[in-house]
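All values derive from a computational prediction rather than experimental measurement.
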Amino acid sequence: MRASMIFVLGCIAQWSIAQEIPMFIGTYTHAGSQGIYLYMFDENSGDATMYSSTASEHPSFLARSAKGDMLYAVNETGDSSAALSSFTFDGDALSFVDAMSTEGSYPCHVAVSKRHPIAVVSNYGGGSLSVYRLEKNGGLAEKIQYIQQEGTGPNKERQEASHVHSAFFSPDEKHVYVQNLGTDKVTIYRIDKKNDNYTLVEENHISTPAGGGPRHLVFDEKGKNIYVLLEMTAKIAHYEKDGENWTLVDTVSINEDDFEGEDGAAEIKRSADGKFIYASNRGDANTIALFAVDKSGRLERQKVYPTGGEGPRNFNISPDGRYLLVANQNTNNITVFERNQETGELTDTGKQIEVSTPVCIVF
């Protein structure tokens, strides 16, 4: 009996240990941050333990390879040091591999394909895209394309020029959708492959509501609905696919109806089951909104939560769906919410991770 009990306790201990997963945090390094931080996140308790840090200049957005053995970071600077950096991850530590210039200034987003050996960097300051071919081991092989977007928008302060903010691969990985805050446009590029050569070819575009400033987007599972987060008006523009085009279905605010103040919508995510969408707002709001997605794809705002800090630039949902973590850039903290997977509702656990200027969370 005693031997059986020891065996059971041993299994429980192993299971508990197995629930600790790596969590990477990207930061700005002007206020004391070292660069990229690796934490071990316990999916049982919601606790996070600082494990190591890796020096990197302004690694403001991170992306992990499909296998999990590579991490990519944009170095968001306004000069020749603006770059895409790559790191190997052996399950224990990050090791720098190489870096390549983005050509465009202030790169703020990187997307890595799960199907093709390519990565796409969005250069906010330069208003451009940089496309890279990846080696078989995940390292940076070469920059294969540089796309300069042009245009302006009605807001003369924020939309005086092209400002590419993000690029996302479609669910079938046949297209790349690029959000330009400066021009109120989502440009759709087809991924062409000839032999081992890849090219992004402009195929179509979506004009988003004027002055909204598209920042990020999410797709539904089949790629029939897209939800574009508009930074400057803090709204979500919902589009439905109509043949080869996209039709605007609705725009919904991520704020409470009585909110008054400055907006700065930052991030949008969809739950793995597709039932819920979350979106954060900075400015005077400092909130994260929960939306239910009905069977037709329409959104209904359920609740708006304070994020427990200021400047909620990025957030992510833990792989098991039980937690949602918000990076509050201006107050140097990450708030850990417990997430009800049936209702989507969030509960502040009271647990905070203290990090200097956290701006990206990747599991």
Side-chain angles (χ1 to χ4, degrees), residues 61 63 108-114 119-124 127 129 147 149 153 159 162-191 200 202-242 244-254 263-272 274-282 288-291 293 297-299 301 312-317 360 362:
F61 201 89
C108 62
H109 187 273
V110 56
V112 180
S113 174
K114 297 177 182 178
V120 181
V121 170
S122 301
N123 302 307
Y124 181 85
L129 290 174
I147 302 172
Q149 294 193 348
Q159 297 180 309
S162 169
H163 292 301
V164 176
H165 219 309
S166 64
F168 290 91
F169 290 90
S170 60
D172 61 9
E173 300 265 333
K174 293 181 179 180
H175 294 86
V176 178
Y177 285 64
V178 177
Q179 289 57 251
N180 194 315
L181 180 145
T183 64
D184 290 322
K185 186 181 292 186
V186 177
T187 305
I188 304 168
Y189 294 90
R190 183 180 70 251
I191 302 173
L200 298 190
E202 184 173 343
E203 189 174 84
N204 202 349
H205 75 270
I206 302 169
S207 294
T208 57
R215 181 181 173 99
H216 286 185
L217 64 72
V218 291
F219 300 89
D220 68 3
E221 186 177 4
K222 296 182 179 179
K224 300 297 185 183
N225 293 275
I226 59 172
Y227 305 90
V228 183
L229 184 65
L230 307 177
E231 176 176 332
M232 299 190 306
T233 55
K235 293 181 179 180
I236 299 172
H238 169 206
Y239 293 86
E240 188 176 65
K241 195 162 190 182
D242 181 14
E244 297 301 317
N245 297 310
W246 291 90
T247 300
L248 179 63
V249 176
D250 197 10
T251 57
V252 292
S253 174
I254 66 175
D263 287 311
E267 187 61 277
I268 184 169
K269 299 279 187 182
R270 181 179 70 94
S271 61
K275 295 179 179 179
F276 306 102
I277 281 178
Y278 301 86
S280 66
N281 193 12
R282 296 166 296 175
I288 184 165
L290 161 65
F291 293 86
V293 185
R298 287 182 175 270
L299 301 182
R301 193 178 68 230
R313 183 183 177 98
N314 180 258
F315 63 88
N316 214 338
I317 301 171
C360 188
V362 170

*Asks:* Is any side-chain heavy atom of Ile254 less than 4.5 Å from a side-chain heavy atom of Arg301?
*Replies:*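 They are not in contact (no side-chain heavy atoms under 4.5 Å apart), so the answer is no.
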*Asks:* In the structure I gave you, are the side-chain heavy atoms of Arg190 and Leu200 within less than 4.5 Å of one another anywhere?
*Replies:*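 Counting from C-beta outward, Arg190 and Leu200 never come under 4.5 Å.
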*Asks:* Mind jotting down which residue pairs meet the salt bridge (charged side-chain N to carboxylate O under 4.0 Å, His left out) criterion with at least one end in residues 228-237? Sequence neighbours excluded, please.
*Replies:*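 Applying salt bridge (charged side-chain N to carboxylate O under 4.0 Å, His left out) to every pair that reaches into residues 228-237, excluding sequence neighbours, yields Arg158-Glu231, Arg215-Glu231, Glu231-Arg282.
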*Asks:* Give me the atom names and distance for the closest heavy-atom approach of Ala265 to Ala234.
*Replies:*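 Of all heavy-atom pairs spanning Ala265 and Ala234, the closest is CB-CA, 3.9 Å.
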*Asks:* Excluding sequence neighbours, so at least two apart, what forms ring-ring contact (aromatic ring centres under 6.0 Å, His included) with Phe276?
*Replies:*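 Testing Phe276 for ring-ring contact (aromatic ring centres under 6.0 Å, His included), a comparison that skips the adjacent residues, returns none.
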*Asks:* Taking Gly127's backbone N and O only, do any of them form a donor-acceptor pair with Asn123's side chain (distance below 3.5 Å, no angle check)?
*Replies:*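 Looks like no, no N/O pair under 3.5 Å.
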*Asks:* Minimum heavy-atom separation for Thr251 to Pro209, with atom names?
*Replies:*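 Smallest interatomic distance, heavy atoms only, reads CG2-CG, 4.1 Å.
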*Asks:* Can a donor-acceptor pair be found, under 3.5 Å and without considering hydrogens, that links the side chain of Asn204 to the backbone of Ile188?
*Replies:*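 No, the answer is negative, given that no donor and acceptor are paired below the 3.5 Å cut-off.
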*Asks:* Mark yes or no for whether Asp242, through its side chain, and Asn245, through its backbone, hold a donor-acceptor pair below 3.5 Å.
*Replies:*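 Such a contact is absent between Asp242 side chain and Asn245 backbone.
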*Asks:* Yes or no on side-chain hydrogen bond (donor to acceptor under 3.5 Å, both in side chains) for Glu203 and His175, after CA distance, side-chain angles and deciding distance?
*Replies:* CA-CA 9 Å; Glu203 189 174 84; His175 294 86; 2.8 Å; yes
*Asks:* From Ser166 OG over to Tyr177 OH, what is the distance, rounded to the nearest 0.5 angstrom?
*Replies:*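 The OG atom of Ser166 sits 13.0 Å away from the OH atom of Tyr177.
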*Asks:* Checking Ser280 side chain against Ile288 main chain: does a donor-acceptor pair fall under 3.5 Å?
*Replies:*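 No, Ser280 side chain to Ile288 backbone: no donor-acceptor pair under 3.5 Å.
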*Asks:* Go through the steps to decide whether Val362 and Phe61 satisfy the test side chain to side chain contact (heavy atoms under 4.5 Å, CB included), and finish with yes or no.
*Replies:* CA-CA 9 Å; Val362 170; Phe61 201 89; over 6 Å; no
*Asks:* With a 4.5 Å cut-off on side-chain heavy atoms, are Thr247 and Lys241 touching?
*Replies:*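 The answer is no; the side chains never approach within 4.5 Å.
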*Asks:* Do Ile236 and Leu230 have side chains that approach each other closer than 4.5 Å (heavy atoms only, starting at C-beta)?
*Replies:*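 Result no, sub-4.5 Å side-chain heavy-atom pair not found.
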*Asks:* Are Tyr239 and Thr208 close enough that some pair of their side-chain heavy atoms sits under 4.5 Å apart?
*Replies:*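 Result yes, sub-4.5 Å side-chain heavy-atom pair found.
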*Asks:* So, using ring-ring contact (aromatic ring centres under 6.0 Å, His included) as the criterion, who are the partners of His163 when residues are at least two apart?
*Replies:*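 His163: ring-ring contact (aromatic ring centres under 6.0 Å, His included) contacts with Tyr124.
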*Asks:* With no hydrogens and no angle check, is any side-chain donor or acceptor of Gln159 less than 3.5 Å from a backbone partner on Leu181?
*Replies:*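 Checking the backbone N and O of Leu181 against the side chain of Gln159, a donor-acceptor pair under 3.5 Å is found.
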*Asks:* By side-chain hydrogen bond (donor to acceptor under 3.5 Å, both in side chains), which residues pair with Ser253, not counting sequence neighbours?
*Replies:*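 Not a single residue meets the side-chain hydrogen bond (donor to acceptor under 3.5 Å, both in side chains) criterion with Ser253.
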*Asks:* Mind checking ring-ring contact (aromatic ring centres under 6.0 Å, His included) for His238 and listing every partner two or more places apart, or none if nothing turns up?
*Replies:*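 With neighbours one apart ignored, the set is Tyr227.
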*Asks:* Determine the minimum heavy-atom distance between Ala119 and Val110, stating which atoms define it.
*Replies:*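 Smallest heavy-atom distance, with atoms named: CB-CG2, 4.5 Å.
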*Asks:* Minimum heavy-atom separation for His109 to Phe168, with atom names?
*Replies:*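 So the two residues come closest at NE2-CZ, 3.5 Å.
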*Asks:* Taking side chain as C-beta onward, heavy atoms only, is Phe169 less than 4.5 Å from Ile191?
*Replies:*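 Answer yes - side chains close enough.
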*Asks:* Compare every heavy atom of Val293 with every heavy atom of Gly274, then report the nearest pair and how far apart it is.
*Replies:*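 Nearest pair, atom of Gly274 first, then Val293: O-CB, 3.6 Å.
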*Asks:* Please give me the minimum heavy-atom distance between Ala167 and Val120, naming the atom from each residue.
*Replies:*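 Nearest heavy atoms, Ala167 then Val120: CB-CG1, 3.8 Å.
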*Asks:* Which residues pass the side-chain hydrogen bond (donor to acceptor under 3.5 Å, both in side chains) test with Asn281, not counting sequence neighbours?
*Replies:*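 By the side-chain hydrogen bond (donor to acceptor under 3.5 Å, both in side chains) rule, Asn281 matches Asn255, Asp263.
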*Asks:* Quick one: pull up NZ in Lys174 and OG in Ser113 and give me the separation to the nearest 0.5 Å.
*Replies:*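 Between Lys174 NZ and Ser113 OG, I get 13.0 Å after rounding to 0.5 Å.
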*Asks:* Would His216 and Glu267 count as a side chain to side chain contact (heavy atoms under 4.5 Å, CB included) here? Give the steps.
*Replies:* CA-CA 7 Å; His216 286 185; Glu267 187 61 277; 2.8 Å; yes
*Asks:* In sequence, state the C-alpha distance, the side-chain angles, and the governing distance for Glu221 and Arg270, and then conclude on side chain to side chain contact (heavy atoms under 4.5 Å, CB included).
*Replies:* CA-CA 10 Å; Glu221 186 177 4; Arg270 181 179 70 94; 4.2 Å; yes
*Asks:* Can Ile147 and Tyr189 be said to form a side chain to side chain contact (heavy atoms under 4.5 Å, CB included), step by step?
*Replies:* CA-CA 11 Å; Ile147 302 172; Tyr189 294 90; 3.5 Å; yes
*Asks:* Does a side-chain heavy-atom distance below 4.5 Å link Pro214 with His165?
*Replies:*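 Of all side-chain heavy-atom pairs linking His165 with Pro214, none is under 4.5 Å.
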*Asks:* Report the residue from Val186, Val164, Leu129 that forms a side chain to side chain contact (heavy atoms under 4.5 Å, CB included) with Asn180.
*Replies:*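 That would be Val164; it is the only one of Val186, Val164, Leu129 passing the side chain to side chain contact (heavy atoms under 4.5 Å, CB included) with Asn180.
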*Asks:* Could you tell me whether Glu173 atom CD has more than 12 heavy atoms of other residues or ligands within 6.0 Å of it?
*Replies:*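 Yes, because the 6.0 Å sphere around CD of Glu173 holds more than 12 heavy atoms from other groups.
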*Asks:* Are the side chain of Thr187 and the backbone N or O of His205 linked by a donor-acceptor pair below 3.5 Å?
*Replies:*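 Looks like no, no N/O pair under 3.5 Å.
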*Asks:* Nearest 0.5 angstrom please: Asn225 CG to Asp220 CG, how far?
*Replies:*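 Here the interatomic distance stands at 4.5 Å.
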*Asks:* Just so I know, are the side chains of Pro171 and Phe219 near enough to count as touching, which here means a heavy-atom distance under 4.5 Å?
*Replies:*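 They are in contact (side-chain heavy atoms under 4.5 Å apart), so the answer is yes.
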